[in-house]
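Single-structure report; data block below.
Numbers for residues simply follow the sequence, beginning at 1.
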Amino acid sequence: MAEGVASRIEDAAVQALDEGVRDGVFPGASACIGVYQGRGWGFVDVATGQLGEGLGPVSARTIYDLASLTKPFVAMAALSLHQRGMFALEDAVHALISEAVALPVGARTWEELLSHRSGLAAWVPFYETLPHPVGSDAAQAWTIRELLSHWRQDEVGHPVYSDLGYILAGVGIARATGSTLDAVVRDEITEPLGITDGAFFGARNADPSWKATCAPTGHSDWRHEALRGLVNDDNCAALGGVAGHAGMFGRAGAVARFAAAQVAALHGRRGAEAEARIAHATQRRPGGSQLLGWDGKAEEGSAAGTLIDADAFGHLGFTGTSVWCDPQRQLVVVLLTNRVAISDDNTAIRAFRPSFHDAVVQGFDGF
């Protein structure tokens, strides 16, 4: 990356993140901005603030709860399996989820679930009434039956962002492969990209040392414990920490390399199959900005800001995380924070995200 571009991006990102800490948007943050310039990708890492009170400074090595940034990883794994004939997007849900046979949602397709158009509800707090041990097979079986009932015919085909759909998709992927969801994401996505140590399902990481570098995300009243190296999402926790909608932890640099691979694929630099996967995932669908595993830039009020290109795609995470890709500029921007460490009700991130992305794009463009 040209030194001038890198310097402008770094200055803009540092200033914005420092303001975020001062304004109480988050205790600290780690960002990674990737730029492709002719011969390869260059990455700018920026970190500021504290992990939490008395826990030390944030660095580029800090690990965050990625929350719903899990969804793009799961979706791209599903598309990879689809290309090999192991998980057909056009198949009905009941083909893999026998519990859905004779239920209306069972006739919906995996394509519809992964693009949030299946009619399933957005979110239901299943964990509150879970009658089985956390993470047990019985807990998963009960949860599947419960979520299948939260379906509305009048919502089919309309974009309703749904954690439920991704929970079900995670189950379907595991059943289709005879493996576990975390192993599938590793084998299909993170291992080929060389980022297994920087993007992973925390509950399945056998080396506990990573938790010492993890930013905390507050407290779970349901689990009666502080959350550091434990997934923030209680529904995911009820399923053992691995689910299609949440559960991954990671570093900004690893997420940026995942995002950069998608942009590179759109430009034909990762082979025809990779290009077809991300092209299918990011094609515009009727009724809204929800794509397959990603979100497109909304015409108004986008978290990606006003300056990023209209064909940008990305995703947000509840804990205060985000990734945005600008294929035209060949620019990726990853922002990881633990804004929920201040409070789940801390909504200052909503105004911060677009201003941060605008600042980075201005640094890239040179004005």
Side-chain angles (χ1 to χ4, degrees), residues 1-2 4-17 19-20 25-26 29-38 41-46 66-69 71-73 75-76 159 161 252-253 255-267 269 278-279 281-285 288-318 320-337 339 348-367:
M1 187 190 310
V5 175
S7 179
R8 292 197 307 267
I9 288 173
E10 182 175 8
D11 289 347
V14 167
Q15 181 177 341
L17 294 183
E19 289 177 358
V25 181
F26 36 69
S30 176
C32 184
I33 298 95
V35 176
Y36 184 81
Q37 291 190 319
W41 286 91
F43 295 92
V44 175
D45 294 297
V46 178
L66 299 181
S68 284
L69 300 199
K71 293 184 177 79
F73 283 87
M76 299 313 295
Y161 179 81
V255 179
R257 283 157 178 80
F258 166 65
Q262 312 315 314
V263 173
L266 278 176
H267 285 269
R269 296 195 300 270
I278 190 61
T282 58
Q283 69 182 24
R284 286 284 178 167
R285 290 160 171 81
S289 65
Q290 291 297 331
L291 311 177
L292 193 154
W294 302 89
D295 190 15
K297 183 186 177 185
E299 291 185 3
E300 295 183 3
S302 173
T306 61
L307 301 179
I308 204 165
D309 212 72
D311 64 354
F313 59 94
H315 213 286
L316 309 182
F318 176 77
T321 59
S322 62
V323 54
W324 280 96
C325 306
D326 184 331
Q328 294 300 319
R329 289 182 174 88
Q330 299 201 66
L331 170 73
V332 301
V333 185
V334 174
L335 172 66
L336 303 185
T337 84
R339 63 103 195 165
I349 194 76
R350 293 177 184 170
F352 179 83
R353 280 181 175 131
S355 65
F356 174 74
H357 292 112
D358 280 349
V360 170
V361 173
Q362 284 179 332
F364 175 87
D365 289 346
F367 64 87

Going from CD1 on I278 to CG on L266, what distance comes out if it is rounded to the nearest 0.5 angstrom?
5.5 Å

The reported gap from CG in D311 to CG in D326 (rounded to nearest 0.5 angstrom) is 6.5 Å

Determine whether more than 12 heavy atoms belonging to other residues, nucleotides or ligands lie under 6.0 Å from atom CZ of R350.
no

Heavy atoms, side chains only, cut-off 4.5 Å: are R257 and F43 in contact?
yes

Considering only heavy atoms from C-beta outward, does the side chain of R353 approach that of L316 to under 4.5 Å?
yes

Quick one: side chains of residues 10-17, donor-acceptor pairs under 3.5 Å with protein atoms, not counting sequence neighbours, listed by atom name and distance.
none

Are the side chains of F356 and S322 in contact, using a 4.5 Å heavy-atom criterion?
no

Might you work through the side chain to side chain contact (heavy atoms under 4.5 Å, CB included) test for F258 and V334, ending with a clear yes or no?
CA-CA 10 Å; F258 166 65; V334 174; over 6 Å; no

Shortest non-hydrogen contact from L292 toward A75:
CD2-CB, 3.9 Å

Check whether any side-chain N or O of K297 sits under 3.5 Å from a backbone N or O of I308 as a donor-acceptor pair, and report yes or no.
yes

Report the residues that fulfil side-chain hydrogen bond (donor to acceptor under 3.5 Å, both in side chains) with D309, sequence neighbours left out, ordered by chain and then residue number.
none

Is the positively charged end of R339 above the ring of F352, judged by distance under 6.0 angstrom from the centroid and angle within 45° of the axis?
no

Please answer whether the main-chain N or O of G320 pairs with a side-chain N or O of T337 as donor and acceptor at a distance below 3.5 Å.
yes

Any idea which heavy atoms bring L335 and A29 closest together, and the distance?
CD1-CB, 4.3 Å

Looking at every heavy atom in both P327 and A312, which two are closest together, and how far apart are they?
CD-CA, 4.1 Å

Roughly how far apart are D295 CG and K71 NZ, rounded to 0.5 Å?
11.0 Å

Spacing of CD1 belonging to I33 relative to CD1 belonging to I9, to within rounding of 0.5 Å
6.5 Å

Should Y36 and V263 count as side-chain neighbours, where that means a heavy-atom distance under 4.5 Å?
no

Classify the ring geometry of W324 against H357: parallel below 30°, tilted from 30° to 60°, perpendicular beyond 60°.
perpendicular

Say you draw a straight line from CD of Q290 to NE2 of H315; how long is it, rounded to the nearest 0.5 Å?
6.5 Å

Is any side-chain heavy atom of C325 less than 4.5 Å from a side-chain heavy atom of Q330?
no

Minimum-distance pair of heavy atoms, taken over all atoms of S68 and P72
O-CD, 3.5 Å

Note, M76 side chain near W294 side chain (heavy atom, < 4.5 Å)
yes

Provide the closest heavy-atom pair for S30 versus A252 in the form atom of the first, atom of the second, distance.
OG-CB, 3.6 Å

Please assess R329 against V361 for the test side chain to side chain contact (heavy atoms under 4.5 Å, CB included), listing each intermediate value before the final yes or no.
CA-CA 9 Å; R329 289 182 174 88; V361 173; 3.6 Å; yes

Restricting to non-hydrogen atoms, name the atom on Q37 and the atom on V5 that form the minimum distance, rounded to 0.1 Å.
NE2-CG2, 3.7 Å

Heavy-atom distance under 4.5 Å between the side chains of T306 and D358, does that happen here?
yes

Does the pair L307 and D365 meet the rule for a side chain to side chain contact (heavy atoms under 4.5 Å, CB included), with working shown?
CA-CA 10 Å; L307 301 179; D365 289 346; 5.7 Å; no

Could you state the interatomic distance from CG (L291) to CZ (R285), rounded to the nearest 0.5 Å?
6.5 Å

